[in-house]
Amino acid sequence: MAINLRRSQRIPAQGRDSGPPSWSSIFTFRFCALSLTITVSVLFAFSFLFIAPLFPSDSFGFSNVQNGVKTESNRRSVLALNTLKSRLDQIQRQAGDHRSLAIAYASYARKLKLDNAKLVRVFADLSQNYTSLMSHPSYRTLFDADASAIDEAVLRKFEKEVKERIKLTRQVIAEAKESFDNQLKIHKLKDTIFALNEQLTKSKKQGAFSSLIAAKSIPKSLHCLALRLMEERIAYPEKYTDEGKPTKPELEDPKLYHYAIFSDNVVAASVVVNSAVKNTKEPWKHVFHVVTDKMNLGAMQVMFKMRDYNGAHIDVKAVEDYKFLNSSYVPVLKQLESANLQKFYFETKLEKATKDTTNMKFRNPKYLSILNHLRFYLPEMYPTLHKILFLDDDIVVQKDLTALWKIDMDGKVNGAVETCFGSFHRYAQYMNFSHPLIKAKFSPKACAWAYGMNFFDLDAWRREKCTEEYHYWQNLNENRTLWKLGTLPPGLITYYSTTKPLDKSWHVLGLGYNPSISMDEINNAAVIHYNGNMKPWLDIAITQFRPLWTRYVDYENEFVQACNFGL
């Protein structure tokens, strides 16, 4: 009775009709509990094995790394993962790949038939080196033995030699890649062309700048001549001056042939006069009005007083003798006082002075000289004359020019040779047609003409008021927005509709820059013009054209001889 009571306390009550529990049901319950316990333990163990590698060992306090250096046990684990056999296979594959690459480059080199056959031999030797290394007796055992018998020391030595050959192969391929890679060749060629263009542009700028300096320079012999002549003028003032003497009537006689020459170059001015006098039939009917600056006046007076020009009349004056030519009347003299204009002309830094290479010739300070602009004041300088021939100081007269005075000017002011051909030397090349005033008044296709030998009808000039027209446009161009300075653009504007074209044989240009002018054209010309930087009195003169100028130099003059001019 007591036993039954204890069982009733441990086992839940079944129904009133249930009997006592069997031994089989008790056994089954205990077996299931044990199985569940074992299963949980096994799962926990496996989960630990899979999860543990995800965490660093030092997170559990068992780090094998101390101060950044792996311990010996860690190295053994790496060697265990990378077996000697796998290392050998990897080295063998790398050697084979680079050997194949060397063979491919050698084959391609033969196909291209490269001039440098050395490359073919180099790649062939590289591929042979890999073959020799693989078949070397000391390494043959590596490929014959199984993984357990591989000697690690031999393997390391083999690996070192393979890596050295791979390094050499890659170096040779990198150096030879240019010979095989067309794209690389093209890129390198483009870089070379770009660098050469940059160098060429820089050289052109420097060349133009140097040419400008050479053109503005005064040869030592010419400087010597001016000083010697001035010394003579100071020593004997009464012999060479016309000061205080009455003006010769021939100088104002409109029936004679009058020439205007404006220059500060003693030899150049004398050559113009010499050549004109020697090629005219009646020299005594010709009057040469030579105007220079105050500094060269004495030298000019002595030069033209020392010899007889077969009766030709020569009048030498300084520009300062014409009192009306001052800054209040002449726009160029007024603009010369501008700081910006002075900086434009007298810039000394190469990189700034060569910015505008195309129009660098207009930076020549000669364009600031009033001597260069006197041509616009001829009627006021010579009020008694009706016609006058203007000659630049870099020309040579080869024929009698008296026929010019017989040409019917048709009421035009300026007689000049036109220089246009095709699209060249049109008004568009000399003026800024983007400016509304220029665009409205002139045609960009109008033909330009040349300064250097210009026949002026002074009566027509006065009637057309050309000097006032010149002043109007010169004042508008103070900031150089209408044209790039010089005297030709304002001349083209001033005589736009009042220029009569002359036959081209009267005036041949280009002897100062164009060596390809034919001698037949030169010999048939009445006047040849050394326009350009290569003036005949400079060392940079064009050789074949220089004798045409030097034969009119007065080498009999004692001062010319003393200064060794032309030697």
Other residues, nucleotides, ligands: >12 heavy atoms within 6.0 Å of I218 CD1 = no
Here the pair of heavy atoms bringing F565 nearest to V553 is CD2-CG1, 4.2 Å
Output for pair (L476 CG, I493 CD1), nearest 0.5 Å, gives 9.0 Å
(Q) Check whether Q335 reaches the backbone of Q474 with its side chain - one donor and one acceptor, N or O, closer than 3.5 Å. (A) yes
Pairwise side-chain contact, N432 with L482, heavy-atom cut-off 4.5 Å (strictly under) = no
Discussion item. Between F194 and Q199, is there a side-chain heavy-atom distance shorter than 4.5 Å?
Written reply: no
With side chain to side chain contact (heavy atoms under 4.5 Å, CB included) as the criterion, how do E159 and K163 come out once you've worked through the C-alpha distance, each side chain's angles and the decisive distance to 0.1 Å?
CA-CA 6 Å; E159 182 180 14; K163 286 183 177 180; 3.4 Å; yes
- Take R228 and C563 through the side chain to side chain contact (heavy atoms under 4.5 Å, CB included) test and state the conclusion after the steps. CA-CA 8 Å; R228 291 294 186 94; C563 291; 3.8 Å; yes
Look at the side chain of E521 and the backbone N and O of V508, then say whether any donor-acceptor pair between them is shorter than 3.5 Å.
no
- Query: Do P515 and Q544 touch side chain to side chain, with heavy atoms closer than 4.5 Å?
  - Reply: yes
- Query: Are any side-chain N or O atoms of R546 and backbone N or O atoms of P536, one a donor and one an acceptor, separated by less than 3.5 Å?
  - Reply: yes
- If we only count heavy atoms from C-beta on, is the L371 to S263 side-chain gap below 4.5 Å? no
In short, G452 meets I395 closest at the heavy-atom pair O-CG2, 4.0 Å
Value for OH (Y427) from SG (C420), rounded to nearest 0.5 Å, stands at 10.0 Å
Distance col, row Y430:OH vs F442:CZ, nearest 0.5 angstrom, shows 15.5 Å
Here the gap from I522 atom CD1 to I528 atom CD1, rounded to the nearest 0.5 Å, amounts to 6.0 Å
### Message
Between W537 and V267, is there a side-chain heavy-atom distance shorter than 4.5 Å?
### Response
no
| query | Would you call H223 and K220 a side-chain contact if the rule is heavy atoms closer than 4.5 Å? | reply | no
Between P489 and W483, the two heavy atoms sitting closest are CB-CG, 3.4 Å
OG (S518) and CG (N524) are apart, to the nearest 0.5 Å, by 8.5 Å
*Going by heavy atoms in the side chains, are P444 and R426 under 4.5 Å from each other?*
no
Correct closest heavy-atom pair for Q429 and F424 would be OE1-C, 2.9 Å
Checklist entry - Is the number of heavy atoms from other residues, nucleotides or ligands within 6.0 Å of CZ (F421) greater than 12? => result yes
State plainly whether the residues E161 and R165 are in salt-bridge range, i.e. N to O under 4.0 Å.
-> yes
In terms of ring plane angle, is the pair H529 and H507 parallel, tilted or perpendicular, where the classes change at 30° and 60°? parallel
| request: Could you tell me whether the side chain of N531 and the main chain of L509 form a donor-acceptor pair under 3.5 Å? | output: no
Problem set entry | Donor on one side chain, acceptor on other, N514 and S516, under 3.5 Å | yes
**Asked** So, N265 side chain and D393 main chain: donor-acceptor pair closer than 3.5 Å or not?
**Response** no
(Q) Any side-chain to backbone donor/acceptor pair from D293 onto N296? Under 3.5 Å, distance only. (A) yes
Side chain to side chain contact (heavy atoms under 4.5 Å, CB included) between L511 and W549: does it pass, once the steps are laid out? CA-CA 10 Å; L511 278 73; W549 182 85; over 6 Å; no
Sidechain-backbone polar pair: N523 side chain, M519 backbone, donor-acceptor under 3.5 Å = yes
Problem set entry | CA sep, side-chain torsions, deciding dist, call: L492, W449, side chain to side chain contact (heavy atoms under 4.5 Å, CB included) | CA-CA 8 Å; L492 295 175; W449 42 264; 3.5 Å; yes
CE (M431) and CG (L437) are apart, to the nearest 0.5 Å, by 12.5 Å
Worksheet entry | Flag, side chain of K535 to backbone of Y530, donor-acceptor distance under 3.5 Å | yes
Donor-acceptor contact below 3.5 Å, side chain N477 vs main chain T481
yes
